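It should be emphasised that the depicted structure is a prediction, and the values quoted were computed from it without experimental measurement. Order of the sequence lines sets the chain letters (A, B, ...), proteins ahead of strands, with each chain counted from 1.
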Amino acid sequence: MKLVATSIRTKLILLVGLGALVPLGGVAAVAVRDVRDIRRDMVARSTLVASTVAEYSAADLAFDDRDAAEKTIGKLGRLEQVEGAALYDIKGRMFTIHRVPDLAEAAFPRTIAPTTGSAVDVKEDHIDVFHPVVFGDVRYGTLYLRTATTPLERRIRSFLWGIGLLALGVVGSSVAVVMALERLVSRRILHLASIARSIAEKEDYSVRAAASDADEIGVLGGSFNRMVEELARRQNDARRAIQVRDEFMSIASHELKTPLTALWLQVQGLERKAADMPENARKAVRAIVRHLQRLDHLIGNLLDVSRIASGRLTIERSEVDLATLVREVAARFDDEARRCGSAIDVDAAGPVVGDWDPFRLEQVVTNLVSNALKYGREKPIAIKVEGDAARGRLVVRDRGIGIAREDVERIFGRYERAVSGRHYAGLGLGLYITNQIVAAHRGVIRVESEPGAGSTFTVELPRRTTDPPVT
Amino acid sequence: MIGHSATRRRATVRAQRVLVGLAFAMAAPSPARAEELEYEVKAEFVERFTRFIEWPAASFGSPAATFVVCLAGQSPIAPHLEKLAKERAIKGRKATFRRVAQPKEVDGCHLVFIGPTEGGKLADYLAVTSGRPILTIGDSAGFAARGVLLNFYLQGGYVRFEVNAAETKKSGLQCSAKLLKLGKTVSLWGP
C-alpha cells in the first residue's frame with residue numbers, strides 16, 4: 001500500500017484528518033437537519049398562526065365586523081415575523097388588511113377565490129399562507145398571512161456561524177493534535193535518525209539518544225544507545241584485533257626474515273660449489289635456490305604489508321629507466337615462462353625515465369608479470385612500456401582466466417584474490433602491495449578484464465614528484 | 001333625531017355589501033327601502049347568531065322537531081323572519097315562524113325577537129325566558145341591560161349588537177366566544 005511509503009507526519013495528518021472527518025460529518029449532518037427543521041418549524045408556526053387567526057375571524061366575517069376583524073388580525077402585529085395579513089370575504093374580495101409600514105398593499109393578493117384551500121408557499125424572502133375561514137362547516141372567507149423569512153434566515157445564519165466555528169474548532173484541534181503528535185513522535189524519530197547518521201559519518205560513538213522507559217520512542221532510544229555502545233565496543237575490538245594482527249605480522253615477518261638471511265648465505269656458498277657436485281646434487285641446489293627465492297618473496301611481501309599497515313612504506317626516489325627495468329625483470333622470468341609455456345613479448349624500446357624508487361618499481365613489475373604467468377593459462381603475455389612528457393606507462397596483458405566484474409574492485413585489497421587459493425597458491429598480497437606502491441608514487445593502477453579472455457593491468461606514474469598525480 | 005336617516009343610509013350601504021343579492025337597491029334608496037334593507041340585515045344576523053350558539057339537546061323534543069322562531073309584538077323584521085324560517089334550515093332543522101302576543105305564549109320558542117312595541121311587557125317576557133335556553137333578541141335601546149340576551153343597535157352605519165353576558169350564561173345556551181367578542185358586553189359575567 002502506498003500509505004506505508006509516506007512519512008509518519010503525513011500518516012498522522014491523514015489519520016487525524018480522517019478522525020476529524022467523523023465529527024465534521026456529524027456536524028454537517030446536524031447542520032443540514034437543523035436548517036431543514038428550522039425552515040419546517042417556521043412554516044409550521046406560520047400555518048399555526050394562520051389557522052388560529054382564521055378561526056377567530058370567522059364571526060368577524062359572519063357579522064361583517066370590520067373593526068373586530070382589524071382587531072383580530074391586528075394582534076398579529078405583535079409577532080415579529082409577520083409582515084402582513086389580510087382577510088378576504090366569501091366573495092374573494094379583500095375585507096381587511098394589516099401590514100407593516102414598509103410593505104405595500106400591492107404585495108397582497110387583490111382577491112382570493114373562496115375555493116382556495118389551505119396552502120403554504122415558501123418564497124425567497126417570505127412565506128405565504130392561505131387558510132380558509134370556516135366555522136361550523138360554513139366558509140366565511142380566506143385568511144392570507146405573509147411571514148418574513150428574514151428572522152428565519154438570521155437564525156439559520158447565526159446557527160451556521162456556530163456550526164462553522166465548531167468545525168473550525170475541530171479542524172484547529174486536529175492540527176494541534178498533529179503538531180503535538182509530530183513533536184512527540186515524528187520529530188524524536190528524526191532526531192534519532194540524525195544521531196545514527198552522525199555516528200555513521202563521523203564515527204563518533206560518544207553521542208547518545210534521549211532514552212526513557214516512558215514510551216516506545218524512549219525505549220527505542222534506550223535500545224539505540226545500547227546498540228551504539230555495542231557498536232563502539234566491537235569497533236574497538238576490531239581495531240585492537242587488527243592492531244594485534246599487524247603487530248604479529250610485523251614480528252613474525254621479521255623473525256622469519258632473520259634465519260632466511262642466514263640461510264641465503266649458506267645456499268650461496270653451496271651454489272658456488274655446485275659446479276663440482278654430481279648432477280642430482282646440483283639439481284637439488286637449484287631447487288633449494290628456487291624455493292628459497294619464493295620464500296624470500298613471500299616473507300618480503302609480509303614485511304611490506306606490515307610496513308604499509310604501520311605507515312612505514314618508504315619510497316626512495318632516484319632516476320630510473322622503466323624500459324630497462326622491465327626488460328631485466330622479464331628476462332628474469334624467462335625460465336619460469338618457459339616452464340609455464342607462456343611466451344613473454346616485451347615492447348619496451350625507448351627509455352622511459354622517471355624519478356621513481358627502482359626497488360619498489362621492480363616489485364610492481366615482478367608482481368604484475370608473475371600474476372600474468374600465474375593466471376595466464378599458458379597463453380602469450382604482452383608487456384609494453386611507453387611514456388609521454390609527464391608520465392610513464394606500463395601495460396601488462398594476459399589472455400588468461402580474467403577477472404569477474406564483481407571482483408575487479410576487490411583485487412587491490414589486502415588478502416584478496418579473485419579465485420580460490422586452493423587452485424592458485426599465494427597470500428593474496430601482491431596486487432595490494434602493488435597498488436600501495438603505485439599510490440605512494442602518486443600514480444594509478446587500472447585493470448580491464450573479461451572473464452575467460454584475459455586481463456590488462458595498466459600502471460601510470462608521474463615522472464617527477466612535481467608532476468600532478470595521475471587520476 | 002336629525003342624524004337618524006343619515007345613520008340609516010350608511011347602514012343601508014353597509015347592508016348592500018353584506019347582502020350582495022340585494023345590490024339592485026344601490027341607487028339612492030328611498031327611506032322605506034332603506035329600512036327594509038336594515039331589517040333584512042338584522043334578520044340575516046339573527047340566522048347567523050344561531051350558527052354561533054348551541055341549544056341544549058333537551059330544547060328539542062325529537063330529532064325531527066322544528067326550530068321555532070318567534071316574534072313578540074310588532075317589528076319591520078317580521079316578513080324577513082318569516083321568509084328566513086320558510087327558506088332556511090336553522091341548526092340543521094326545519095324552521096317555523098310564530099307570532100307571539102303574550103309572554104306566556106313564548107313557551108316552545110327557541111328564539112324570540114322582542115319587538116319595540118313590547119317594552120312595557122318586557123319584564124313579563126323575561127320572567128318566562130330567563131334561565132331557559134331561549135335566545136331573546138331585542139331591537140331597542142336598553143333592552144340588553146334589562147335582561148334581553150342580544151340587542152341590536154346601529155353604530156357608524158353598521159348594525160351592531162350588545163350581549164348580556166350574565167343572562168346568556170344563565171340561559172344554558174352555549175354561546176361561542178367568537179360571537180361574544182363581537183358584541184358589546186352590557187353586564188359582567190355573574191357568579
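Contact residues of residues 125-139 of chain A toward chain B are A/Phe135, A/Val138 (heavy-atom distance under 4.5 Å). When the heavy atoms of residues 111-131 of chain B are compared with those of chain A, none of the residues falls under 4.5 Å. When the heavy atoms of residues 51-78 of chain B are compared with those of chain A, the residues falling under 4.5 Å are B/Arg51, B/Phe52, listed by number.
Annotation for B/Lys181: atom NZ counts as buried by contact number, over 12 foreign heavy atoms lying within 6.0 Å. Within a 6.0 Å sphere centred on CZ of B/Arg98, heavy atoms belonging to other residues, nucleotides or ligands number more than 12. In the displayed structure, A/Arg183 atom CZ is contacted under 6.0 Å by at most 12 heavy atoms of other residues, nucleotides or ligands.
A disulfide bond (SG atoms under 2.5 Å apart) check over residues 57-91 of chain A, counting only residues at least two apart or in different chains, returns nothing.
Counting only heavy atoms from C-beta outward, the side chains of A/Phe63 and B/Val159 never approach each other to under 4.5 Å. By the 4.5 Å heavy-atom criterion applied to side chains, A/Asp67 and B/Arg160 are counted as neighbours.
Remark: A/Asp64 CG to B/Leu182 CG distance equals 10.5 Å, nearest 0.5 Å. Of the inter-residue distances, the one linking A/Leu61 atom CG with B/Lys178 atom NZ reads 12.5 Å to the nearest 0.5 angstrom.
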